[in-house]
Amino acid sequence: MSFLVLVCLPIGAATVYMTRYAADQFISEVGFSVQKEDAGSAIDLIGGITQISNGSSSDTDILYEFIQSQAIVAAVDKKVDLRAIFTKPENDPVYALSDNATVEDLTEYWQRMVRIFYNGSNGLIQLQIHAFTPEDALTVAHAVFDESTALINNLSQIALNDATRYAKDELDLSSERLKVARQKLTSFRNEHQIVDPNANLQSQMGLISTLQAQLADALISYDILIFGTREDDPRIAQAERRIDVIRTRIDEEQSKFSSSADSDGNAYSSLIETYEGLAVELEFAQNFYVSALNSYESARAEALRKSRYLAAYVGPTEPSSSLYPNRPATIAILGFFAFLIWATIVMVFYSVRDRR
């Protein structure tokens with residue numbers, strides 16, 4: 001009677017359940033690893049030196065834990081509705097997900113249906129995704145691979161941002177400084193209506209040189225006129241007026257170079273001093289910006305040369321037949337353990353009875 005209750009009855013119940021109620025499960029496999037591409041510099045690339053190495057163990061460990069976490073369950077559930085996929089079997093309380101499952105229940109069930117195998121020596125991860133239809137297994141496999149790829153890309157972007165943060169801050173600072181310097185120079189030009197005071201200075205010097213040449217010519221003509229005419233000759237007075245006009249014009253043009261000129265912006269020495277200060281500031285800002293830009297591009301290129309990516313050595317496969325549950329093996333294992341339990345109980349019972 002004990003053999004029938006403890007062995008035959010469980011085996012019979014298991015046989016009925018496995019043959020009539022247990023739903024077929026299809027397995028989609030996917031395998032990948034985190035790769036880190038460490039390309040050489042431009043000179044190394046010309047020589048054909050390029051190194052591609054396995055990703056660091058920390059990246060693979062993070063991915064391994066992520067695949068088993070509630071985060072990936074929530075992300076995949078938003079895309080493919082895991083509850084609808086895992087509650088498809090009817091009258092299967094063992095393998096199917098309950099209809100009122102919470103997110104914690106879904107995460108625990110996920111760890112049963114998504115089996116992960118991690119080889120720590122070479123960093124390879126292999127997944128077996130169970131579902132109750134081939135299409136669902138393939139869909140979930142693609143979703144897991146996409147989320148894993150997104151995680152690695154995010155880690156790579158974080159590493160890129162960390163590597164270029166200081167250079168980016170310097171670039172932003174130099175860009176702002178260059179912008180301010182250009183605005184100051186533009187404001188100076190708009191205020192004084194002068195594009196380049198140095199060019200205006202050269203033009204002014206040319207005008208003074210021309211006036212001085214005309215003054216010399218007028219003085220020579222005046223001297224010639226004095227020695228060849230009478231003192232009351234009206235041409236002498238006309239020549240003197242011409243000389244006075246030229247000298248007055250020269251004095252007026254030269255006064256523009258004096259720092260004691262009026263406050264209307266006519267003192268070229270002050271204008272040039274202000275302009276040269278702004279020009280030096282602009283040149284410094286431009287050089288600082290170019291240097292910061294080169295530093296940023298170098299840091300960014302260095303970070304990109306050490307980028308991470310997810311390489312799939314086995315793409316998501318679409319199953320064609322059900323491989324799970326293995327009904328004969330499950331029934332046999334259950335019967336074996338039921339027999340062991342029954343035999344142990346019987347042996348303990350007879351041992352206790354014999355001692356009495």
Would you be so kind as to tabulate the donor-acceptor pairs closer than 3.5 Å made by side chains of residues 62-80, with sequence neighbours excluded?
from	atom 1	to	atom 2	distance (Å)
Gln68	NE2	Tyr64	O	3.2
Ser69	OG	Phe66	O	2.7
Ser69	OG	Ala71	N	3.4
Asp77	OD1	Leu82	N	2.8
Asp77	OD2	Arg83	NH1	3.1
Lys79	NZ	Glu147	OE2	2.7

Report yes if some heavy atom in the side chain of [X] is under 4.5 Å from a heavy atom in the side chain of [Y]; otherwise report no.
{"X": "Leu178", "Y": "Arg182", "answer": "yes"}
{"X": "Phe284", "Y": "Glu281", "answer": "no"}
{"X": "Phe26", "Y": "Asp136", "answer": "no"}
{"X": "Ser175", "Y": "Asp172", "answer": "no"}
{"X": "Lys179", "Y": "Tyr289", "answer": "no"}
{"X": "Val314", "Y": "Val30", "answer": "no"}
{"X": "Leu106", "Y": "Phe86", "answer": "yes"}

Work out which heavy atom in [X] is nearest to a heavy atom in [Y]; give both atom names and the distance.
{"X": "Phe32", "Y": "Tyr313", "value": "N-CE2, 3.2 Å"}
{"X": "Ala292", "Y": "Glu170", "value": "CB-O, 3.9 Å"}
{"X": "Ala137", "Y": "Ser28", "value": "O-CB, 3.5 Å"}
{"X": "Ala285", "Y": "Ala181", "value": "CB-CB, 4.2 Å"}

Interatomic distance, [X] atom [atom1] to [Y] atom [atom2] [nearest 0.5 angstrom]:
{"X": "Arg115", "Y": "Ile129", "atom1": "CZ", "atom2": "CD1", "answer": "11.5 Å"}
{"X": "Arg242", "Y": "Gln214", "atom1": "CZ", "atom2": "CD", "answer": "6.0 Å"}
{"X": "Ile27", "Y": "Glu29", "atom1": "CD1", "atom2": "CD", "answer": "7.0 Å"}
{"X": "Tyr118", "Y": "Leu127", "atom1": "OH", "atom2": "CG", "answer": "13.0 Å"}
{"X": "Ile220", "Y": "Leu215", "atom1": "CD1", "atom2": "CG", "answer": "10.0 Å"}
{"X": "Ser33", "Y": "Asn119", "atom1": "OG", "atom2": "CG", "answer": "10.5 Å"}

Check: [Y] main-chain N/O paired with [X] side-chain donor or acceptor under 3.5 Å:
{"X": "Ser174", "Y": "Leu171", "answer": "yes"}
{"X": "Thr139", "Y": "Glu135", "answer": "yes"}
{"X": "Ser187", "Y": "Gln183", "answer": "yes"}
{"X": "Asp217", "Y": "Ala213", "answer": "no"}

Joint hydrophobic cluster, [X] plus [Y], side-chain heavy atoms closer than 4.5 Å:
{"X": "Val346", "Y": "Ile341", "answer": "yes"}
{"X": "Trp342", "Y": "Met1", "answer": "yes"}
{"X": "Phe3", "Y": "Tyr350", "answer": "yes"}
{"X": "Ile333", "Y": "Phe336", "answer": "yes"}
{"X": "Ile116", "Y": "Val34", "answer": "yes"}

Item to check | Over 12 non-hydrogen atoms of neighbours within 6.0 angstrom of CD in Gln111 | outcome: yes
Checklist entry - More than 12 non-hydrogen atoms from neighbouring residues, nucleotides or ligands closer than 6.0 Å to CZ on Phe337, yes or no? => result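 Atom CZ in Phe337 is not packed in, count stays at 12 or less.
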Checklist entry - Thr317 and Leu138: side-chain contact (heavy atoms from CB on, under 4.5 Å), yes or no, with the steps? => result CA-CA 6 Å; Thr317 60; Leu138 182 61; 6.0 Å; no
Item to check | Residue pair Ser148, Ile152: steps toward the side-chain contact (heavy atoms from CB on, under 4.5 Å) verdict | outcome: CA-CA 6 Å; Ser148 300; Ile152 296 303; 5.7 Å; no
Item to check | Check against side-chain contact (heavy atoms from CB on, under 4.5 Å), Arg249 and Val245 | outcome: CA-CA 6 Å; Arg249 177 57 57 189; Val245 169; 5.5 Å; no
Checklist entry - In terms of side-chain heavy atoms, does Thr102 have a donor or acceptor partner in Asp105 at a distance below 3.5 Å? => result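 A pair is found: one side chain offers a donor N or O, the other an acceptor, under 3.5 Å apart.
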